[in-house]
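We name chains A, B, ... by the order of the sequence lines, and we start the count at 1 in each one. Keep in mind that what you see is a predicted model, and the values were worked out from it rather than measured.
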There are 2 protein chains.
Amino acid sequence: MSGRLMKVISKSGEYGLRALLYMASNQKNKGYFNIRDMSEELDISFHFLTKILQVLTQKGILQSYRGPNGGVGFFKNPEEITLSAIIRALEGDDFFDKCLLGLPGCGERQPCPMHAYWMDIRNNLKYEFETTSLADLGQDTREKQFRLIA
Amino acid sequence: MSGRLMKVISKSGEYGLRALLYMASNQKNKGYFNIRDMSEELDISFHFLTKILQVLTQKGILQSYRGPNGGVGFFKNPEEITLSAIIRALEGDDFFDKCLLGLPGCGERQPCPMHAYWMDIRNNLKYEFETTSLADLGQDTREKQFRLIA
DNA sequence: AAGATTAAAGAGTATTTTATCTTAAATAAA
DNA sequence: TTTATTTAAGATAAAATACTCTTTAATCTT
Ligand code: SF4
Ligand code: SF4
């Protein structure tokens, strides 16, 4: 009931994003990123991070290489990787298609009083996540901003 | 990694909100709302719901009465209860003051690349939650809407 | 080919969240 | 005053999430 943070994504999502951001901003280093090094740099459990990056690899966001000097690297350019794709990979493909409240068995036909309200917020978040790339975040060059009107 | 919904609030928060919405839209019934009845109506575990409503009572949103014909009722009018107050009561007072990602030990001084981005979203949500009352939601009379500009 | 390095995969543990069960306290009605 | 009703409170259990450990497979270096 207290101490909890406003948190939309799980730890897996958080760690995955942090790792990807780290990678995006250290790309000069051409080769593969060593997961052990990253886990130490980011202070995330090596095994846990490995699992998360594994998923990102399976989802086609990263590619991996085993053996000496192996590791993980981008499969696509950070410019082409949307926040949406990352979150969907780590939180489930339907992340942006469900209710923010998480209520089951409801929808357009029997909407709760909050429906229209949540849909506004959700669609807005969805749009932002779909139109923002990893590179956008890493370089913080975006100029878009939310604004409330009317 | 799958099956998870985009869920900002916990089950406690969801159940609490649902109960409050139910109460707000059944207010003709002047007396106290029986928690057992509500738990059946809303299909929420009686004991769990009781705990949640207990918190709302402790936080001054509801008032309770024990004994026959007892139950819970609004302490303030639904018009005066903001969504923000409800969520803060159930999710923690700092819910809207922390990072959406939940990362600890960071802030304005050492912002991660997502900082400005998240702050936009967060402030927007915060504003909406603070300016929306339970009655607004229950009657769905709000005309405000999000819109992305620039 | 042999050994070292590194990610993949799967099993197991710990912590947190959600839910239930039991007992206590307050109130009302008989 | 006794009994029934109802919320409060605390202990316990189940489920979900987060994290760790161990083994396997791929790749490189020698
Ligand atoms: S009706 Fe309410 S609970 Fe259902 S999806 Fe819409 S906002 Fe969510
Ligand atoms: S710097 Fe990043 S992690 Fe920290 S509060 Fe801002 S958005 Fe959240």
For a quick test of reading the model, state the closest non-hydrogen atom pair linking A:Ile44 to A:Tyr15 and the distance between them. CG2-CD1, 3.6 Å

If only side-chain N and O atoms of A:Gln54 are considered, is one of them under 4.0 Å from the OP1 or OP2 phosphate oxygen of C:dA7? no

Verify side chain to side chain contact (heavy atoms under 4.5 Å, CB included) between A:Ser12 and A:Ile52, making sure each step is shown before the conclusion. CA-CA 6 Å; A:Ser12 296; A:Ile52 294 161; 4.2 Å; yes

Please compare A:Phe46 and B:Ile44 by the position of their nearest nucleotide in DNA chain C and report the one closer to 5'. A:Phe46

Could you report the tightest heavy-atom contact between A:Ala19 and A:Leu42, atom names first, then the distance? CA-CD1, 3.6 Å

Spacing of A:Tyr32 atom OH relative to C:dA8 atom C1', expressed in whole Å: 15 Å

Of C:dT18, D:dA18, C:dA8, the nucleotide closest to the side chain of B:Ser10 is C:dT18

Is the shortest side-chain N/O distance from A:Ser64 to OP1 or OP2 of C:dA8 below 4.0 Å? yes

Under 4.0 Å between a side-chain N or O of A:Ser45 and OP1 or OP2 of D:dT20? yes

Taking CG from B:Leu90 and C1' from C:dT18, how many angstroms apart are they, rounded to a whole number? 14 Å

Interatomic distance where NZ belongs to B:Lys11 and P belongs to C:dA19 [whole Å]: 6 Å

Length of the line joining B:Ile9:CD1 and C:dT18:C1', which is rounded to integer Å: 14 Å

Could you tell me whether the phosphate oxygens of C:dA9, OP1 or OP2, come under 4.0 Å of any side-chain nitrogen or oxygen in A:Gln58? yes

Do B:Arg36 and B:Phe46 form a cation-pi contact, if we require the NZ or CZ to be under 6.0 Å from the six-membered ring centre and within 45 degrees of the ring's axis? yes

Just how far, in rounded Å, is P of C:dA7 from NZ of A:Lys51? 14 Å

Phosphate OP1/OP2 of D:dA18 contacted by A:Tyr15 side-chain N/O (<4.0 Å): no

Results of salt bridge (charged side-chain N to carboxylate O under 4.0 Å, His left out) for B:Lys76 - residues two or more places apart only: none

Start at the 5' end of DNA chain D and walk down; is the nucleotide closest to B:Gly71 or to A:Phe48 reached first? B:Gly71

Closest non-hydrogen atom pair, A:Phe33 against A:Asn26: CZ-O, 3.5 Å

Separation of C:dA7 C1' from A:Met23 CE (nearest whole Å): 13 Å

Would you call the rings of B:Phe96 and B:Phe129 parallel, tilted or perpendicular, where under 30° means parallel and over 60° means perpendicular? tilted

Once each nucleotide of nucleotides 22-30 of chain D is scored for protein heavy atoms under 4.0 Å, what B/S/- sequence comes out, 5' to 3'? B--BBBB--

Whole-Å gap separating P (C:dT17) and CD (B:Glu91): 10 Å

Between B:Asn34 (CG) and D:dA8 (C1'), how many Å, whole number? 15 Å

